[in-house]
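Worksheet for the structure shown next.
Bear in mind that the values here come from a model prediction, so they are computed numbers and not experimental data. Just the heavy atoms: all of them, side chains too, but no hydrogens, waters or symmetry mates, feed the values below.
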Amino acid sequence: MEKSRTSSSVLVEPVYSSVVALLIIVMACVELCDAVTVVDVYRLVQYDIGGVPFGSRLAALNHHAGSSFLSSSPAADLSRTVLILPVRELNLTFITEYIGQKKPLGGLLLLLPPIFSPQNIETEDGAAEYSAKDLLKEVLNELERLLVHANIPYPVYFGFEDEHVSTVLADIKKNDATGQPATATTGGYKLVVAAPEPRKIASPTIINIQGWLPGLRADGDSSQLPTIAVVASYDTFGAAPALSVGSDSNGSGVVALLEIARLFSMLYSNPKTRGRYNLLFALTSGGPYNYNGTHKWLRSLDQRVRETIDYAICLNTVASSGDDLWIHVSKPPENAYIKQIFEGFSTVSEELGIKVGLKHKKINISNSRVAWEHEQFSRLRVTAATLSKLSVAPDLLESTGGLSDNRHFTDEASISRSVKLVSESLARHIYGQEGKNIDIFADGSSLSVNPSYIRTWLRFLSTTPRVAPFLSKNDPLIMALKKELADHTVEVNVQQEVLDGMFTFYDSTSGKLHIYQVASVTFDLLLLLVLGSYLITLFSFLVITTRGLDDLISIFRRPTSRKAKTA
């Protein structure tokens, strides 16, 4: 009998181990089935200003999905739910309530129409579609303003509508409509983004690039000539750093600067047409952060060079969709230098059919806030102006390349017109031709504005996120800008500085969203019951066929006590 019991134990142990292992595997896999789809998502920016937190403070996501239908149930607990909200159907009041009242939420996934994807650069649409785009743009601008200036304690991601996500969302809405939102009990869909805890970016840098076109002087010493500076800030800021391409703000300014540099490089390549002015071109960083890069670049310039600057023209958001542009200045309009600049631009603008207005805004020395890039020059007593389609200076971290600022809302023809305006105005000033009806950069000539060049660079910048803290000195964007400036200017320098310490940024700007279809607990229990019954039946059959019925019964029989054996 003892031998029989030993044989049974030998048989039971491997079978029992296999059963346990199989049950563990089944229980681990039964909740999450195969991923329905995997999509790219982009996290809401996370940053601090002076230690005050803003943006989304978490990155990892692992909750069941819900839809905006839940907003009709005030008592619904959304602390373990990720709401999927298409921007097309967005209820801003609903979002504002949850964020403003700090209601618990597991997470937020905002679906953007494909037109807002930086990779979607097709622009051939009808008037009705453009009208719809404009409405979506307004909604998106309001949403971005809300999210960027709020402290949100849960993950917020942006994604793009596609066929797979739309199918999933339709199922979620259907389930929510029945009053059975997805939970561990009812099943549904689960959204998972596996991301580590966001970390601070140590010593974020800003990188400035400058190049010269030396003028012609009789004694050969161009350092004694007056200088005109053309400046544009190239970096961006938006609700999602990985989507912040800023086609207009300030991609249009960068493209305009590069084309102006190209045009004047052809003029200055011939000693007979080289002007008696030095031209200084600067692509600055830190624009959204009080033009911090411009401030540090100017401070690093040799004082003697700074003193030679006759005036500076800063280009900011120059792809005007209408016929209006504005020249913003800090000195009063009666100032002789300001008057000369404005009159020069006004004369050319009339010939081009553009209306250029003048906006004067005094600098408040006691306030560190800088509204326009030219104000950094003005604080050092250098005459400067900003050319922009914006009539009013935007607030801090606004209109700096957000989600809706992409290729679809940026007009190439407007950039070409702005280039012609600036180039012609500068050339007439350099060659003493103010007030004369001449066309130095005439269309069709070798010095005409090149629409193909503008289109190529606009397309590149419209697909390249440019948030300064996430760019290194060897970033492909920096290298491309440096190379292009070097092709048209000399003495190209790259300056790297640390961003102002009051701004702190965090990594983890994008990730992969896995959408799983999850079975309900009832289904899980039923599956486990069926599987368990099958395994018990299989086990009993194996024992009976190999050892007999008595051995099977002996497995479940209570073992004889030690006292009974002794007796």
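In summary, the aromatic rings of H429 and Y311 are positioned with their centroids under 6.0 Å apart.
L390 and P394 get closest at one heavy-atom pair: CD1-CD, 4.2 Å. Here the shortest heavy-atom pairing between S330 and E375 reads OG-CG, 3.7 Å. F264 approaches S423 most closely through the heavy-atom pair CZ-O, 3.6 Å. Of all heavy-atom pairs spanning N474 and M479, the tightest one is O-CG, 3.8 Å. Minimum heavy-atom separation, S56 to L44: N-CD2, 3.6 Å. Taking all atoms of both residues into account, the shortest heavy-atom contact from W326 to S391 is NE1-CB, 3.5 Å.
Looking at E351, its side chain never comes within 3.5 Å of a backbone N or O of N437 through a donor-acceptor pair. For N406 (side chain) and V245 (main-chain N/O), no donor-acceptor pair under 3.5 Å exists by modelled atom type. In this structure, N292 contributes its side chain and G286 its backbone to no donor-acceptor pair below 3.5 Å. Without hydrogens or angle criteria, R428 side chain to G344 main chain gives no donor-acceptor distance under 3.5 Å. Between the side chain of E259 and the backbone N or O of N450 there is at least one donor-acceptor pair closer than 3.5 Å. No side-chain donor-acceptor contact under 3.5 Å links T400 to the backbone of T236. A donor-acceptor contact shorter than 3.5 Å links the side chain of D248 to the backbone of A319. Although no hydrogens or angles enter the test, the distance criterion places a donor-acceptor pair under 3.5 Å between the side chain of N290 and the main chain of V370. Counting only distance, with no hydrogens or angles, the side chain of S472 and the backbone of D475 share a donor-acceptor pair below 3.5 Å. A side-chain donor-acceptor contact under 3.5 Å links R466 to the backbone of T464.
Looking at S349 and K355, their side chains never bring a donor and an acceptor atom within 3.5 Å of each other. A donor-acceptor contact closer than 3.5 angstrom links the side chains of D411 and S414. Side-chain contact of D405 with S249: a donor-acceptor pair under 3.5 Å is absent, judged by distance alone.
Relative orientation of the F505 and F503 rings is parallel, given thresholds of 30° and 60° on the angle between their planes. In this pair, Y47 and F54 present their aromatic rings parallel. The plane angle is below 30°, not in the 30 to 60° band. Ring geometry for H374 versus W372: interplanar angle under 30°, hence parallel rather than tilted (30 to 60°).
Within the cation-pi definition used here (under 6.0 Å to the ring centroid, within 45° of the axis), R262 qualifies as a partner of Y453. A cation-pi arrangement is present between R57 and Y506 under the rule of less than 6.0 angstrom and at most 45 degrees off the ring axis.
Looking only at side-chain heavy atoms (C-beta outward), E161 and R88 come within less than 4.5 Å of each other. P241 has its side chain within reach of F470: a pair of non-hydrogen atoms, C-beta onward, lies under 4.5 Å apart. Inter-residue side-chain proximity for D235 and Y289 is flagged as met; some heavy-atom pair is nearer than 4.5 Å. Side-chain contact between V356 and D324: absent, with no pair of heavy atoms (C-beta onward) separated by less than 4.5 Å. Taking the side chain as every heavy atom from C-beta outward, V449 and L263 approach each other to under 4.5 Å. The closest side-chain heavy-atom distance from I99 to L147 is below 4.5 Å. Put simply, the side chain of V87 does not reach to within 4.5 Å of the side chain of F116, judged on heavy atoms. Between L325 and S418 the shortest side-chain heavy-atom distance falls below 4.5 Å.
For the pair D302 and R306, the salt-bridge criterion is not met [side-chain N within less than 4.0 Å of a carboxylate O]. A salt bridge between R145 and E398 is present, with a side-chain N of the basic residue lying under 4.0 Å from a carboxylate O of the acidic one. Electrostatic pairing of D395 and R369 does not count as a salt bridge here, judged by no charged N lying under 4.0 Å from a carboxylate O.
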Item to check | Chi angles and distances behind the ring-ring contact (aromatic ring centres under 6.0 Å, His included) call for Y291, F377 | outcome: CA-CA 11 Å; Y291 295 100; F377 288 84; over 10 Å; no
Next on the checklist: Between Q495 and S300, does the side-chain hydrogen bond (donor to acceptor under 3.5 Å, both in side chains) criterion hold? Intermediate values first, please.
Outcome noted: CA-CA 9 Å; Q495 175 196 28; S300 70; 3.1 Å; yes
Next on the checklist: Using side-chain contact (heavy atoms from CB on, under 4.5 Å), reason through L243 and F160 one step at a time and then give a plain yes or no.
Outcome noted: CA-CA 11 Å; L243 298 176; F160 292 99; 4.0 Å; yes
Next on the checklist: For a side-chain contact (heavy atoms from CB on, under 4.5 Å) check, start with the C-alpha distance between L481 and Y234, then their side-chain angles and the critical distance, and finish with the verdict.
Outcome noted: CA-CA 10 Å; L481 292 174; Y234 67 83; 4.2 Å; yes
Item to check | Working for side-chain hydrogen bond (donor to acceptor under 3.5 Å, both in side chains), residues K331 and T383 | outcome: CA-CA 8 Å; K331 293 182 178 181; T383 302; 2.9 Å; yes
Next on the checklist: Pair L387, N316 - check side-chain contact (heavy atoms from CB on, under 4.5 Å), show working.
Outcome noted: CA-CA 6 Å; L387 179 69; N316 184 317; over 6 Å; no
Next on the checklist: Walk me through whether F281 and Q210 qualify under side-chain contact (heavy atoms from CB on, under 4.5 Å).
Outcome noted: CA-CA 6 Å; F281 296 93; Q210 74 169 41; over 6 Å; no
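Distance check: L279 CG to T227 OG1 gives 8.0 Å after rounding to the nearest 0.5 Å. Here the CD1-CD distance, from I260 to E424, works out to 11.5 Å after rounding to the nearest 0.5 Å. Between atom CD1 of residue I440 and atom CG of residue L447 there is a gap of 9.0 Å, rounded to the nearest 0.5 Å. The distance from atom CD1 of I95 to atom CD of E142, rounded to the nearest 0.5 Å, is 12.5 Å. If you take OG1 on T463 and CZ on R407, they are separated by 11.0 Å, rounding to the nearest 0.5 Å. Distance CG/N141 to CD/E138: 8.0 Å, rounded to 0.5 Å.
In the displayed structure, K296 atom NZ is contacted under 6.0 Å by more than 12 heavy atoms of other residues, nucleotides or ligands.
Applying side-chain contact (heavy atoms from CB on, under 4.5 Å) to F345 and the options L358, I327, I354 leaves one that passes, I327.
For T284, the side-chain contact (heavy atoms from CB on, under 4.5 Å) partners two or more places apart in sequence, or in a different chain, are N208, V231, S233, A282, T294, W297, E373.
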